[in-house]
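We're numbering straight along the sequence, starting at 1. Quantities reported herein were computed from a predicted structural model and do not represent experimental measurements.
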Amino acid sequence: MNERACSIPTPEQRQYLSIRETAERAMLDKVTSAIEAAPAEVAQKFKDAGLDFEPTSKDYFTFTVQQVAFVMLSGGDLETFRGGDPDIGERVVRNCRHIIDHYWREDGEPASASACTDPSEVRRD
């Protein structure tokens, strides 16, 4: 038997996964909706205030979420970004490199030979 094969989940494990995946999808839908809505909200507030500025792009808000998530995962202070664990931060970066290598590269050449392939490595104990 292949030692990497997954066992068939029990009914309780399936229920657990279903509940967790539903909550995850709802959370991600909220984040995506907030990112989509933020540029229009800022543009309207600029207009209401009589300000003539370029609208803030959706990418700006996406990067804001990415930065906050990175700092949260690394244990840093969300206001100052200080105090995070550099080892955990590096694991998060390796996980991002793995996504690039595994899902986006056509040439098969990894960006990093030490890419983290196990999402469980990206957590704080």
Side-chain angles (χ1 to χ4, degrees):
M1 178 171 193
N2 183 346
E3 49 186 79
R4 292 188 62 119
C6 295
S7 61
I8 296 172
T10 66
E12 291 85 10
Q13 289 170 326
R14 283 194 300 276
Q15 185 178 23
Y16 165 86
L17 290 171
S18 176
I19 291 168
R20 188 180 70 185
E21 289 169 0
T22 299
E24 180 181 319
R25 175 63 6 217
M27 177 200 63
L28 292 173
D29 288 346
K30 289 175 189 173
V31 170
T32 301
S33 293
I35 291 169
E36 295 288 338
E41 180 182 334
V42 170
Q44 185 60 50
K45 289 185 178 186
F46 283 169
K47 183 178 177 183
D48 294 347
L51 300 173
D52 187 27
F53 289 107
E54 285 288 319
T56 306
S57 75
K58 182 177 90 169
D59 288 347
Y60 171 85
F61 295 102
T62 303
F63 280 116
T64 299
V65 170
Q66 181 268 330
Q67 287 178 336
V68 168
F70 179 80
V71 173
M72 286 176 73
L73 284 166
S74 301
D77 181 283
L78 296 180
E79 295 296 319
T80 66
F81 286 10
R82 295 189 181 280
D85 184 321
D87 293 330
I88 294 172
E90 184 57 38
R91 288 185 206 146
V92 174
V93 169
R94 284 196 314 263
N95 184 263
C96 293
R97 287 185 194 129
H98 171 71
I99 291 170
I100 293 168
D101 294 343
H102 186 75
Y103 297 102
W104 301 345
R105 289 202 185 270
E106 291 182 29
D107 61 7
E109 289 297 317
S112 168
S114 63
C116 169
T117 59
D118 183 355
S120 67
E121 287 187 47
V122 183
R123 63 182 161 90
R124 294 185 343 120
D125 294 315

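- Leu17 and Ile19 sit in two unconnected hydrophobic clusters of ILVMFWY residues. Membership requires side-chain heavy atoms under 4.5 Å apart, directly or through other members.
- Counting all heavy atoms, side chain and backbone alike, Ile8 lies closest to Gln13 at O-OE1, 4.3 Å.
- Nearest heavy atoms, Pro55 versus Ala43: CB-CB, 4.5 Å.
- Atom CZ of residue Arg91 and atom CG of residue Asp85 lie 7.0 Å apart, to the nearest 0.5 angstrom.
- Each of Val65 and Val68 belongs to its own hydrophobic cluster when Ile, Leu, Val, Met, Phe, Trp and Tyr are linked at side-chain heavy-atom distances under 4.5 angstrom.
- Linking Ile, Leu, Val, Met, Phe, Trp and Tyr residues whenever their side-chain heavy atoms come within less than 4.5 Å places Val42 and Leu51 in a single cluster.
- Within the structure, ring-ring contact (aromatic ring centres under 6.0 Å, His included) pairs that include any residue of residues 7-36 do not occur (at least two apart or interchain).
- Once rounded to the nearest 0.5 Å, the distance linking CD of Glu12 with CZ of Arg14 reads 8.5 Å.
- Pairs engaging residues 21-39 under the side chain to side chain donor-acceptor pair (under 3.5 Å) rule: Arg25-Asp29, Glu36-Lys58 [sequence neighbours left out].
- Sequence neighbours left out, the pairs with a member in residues 27-62 that pass ring-ring contact (aromatic ring centres under 6.0 Å, His included) are Phe46-Phe53.
- Closest approach of Ser74 and Ile88 over heavy atoms only: CA-CG2, 3.8 Å.
- The environment of CD in Gln15 is sparse: at most 12 heavy-atom neighbours from other residues, nucleotides or ligands sit within 6.0 Å.
- The environment of Asp59 atom CG is dense: over 12 non-hydrogen atoms of other residues, nucleotides or ligands sit within 6.0 angstrom.
- Of all heavy-atom pairs between Thr80 and Asp77, the closest is N-OD1, 2.8 Å.
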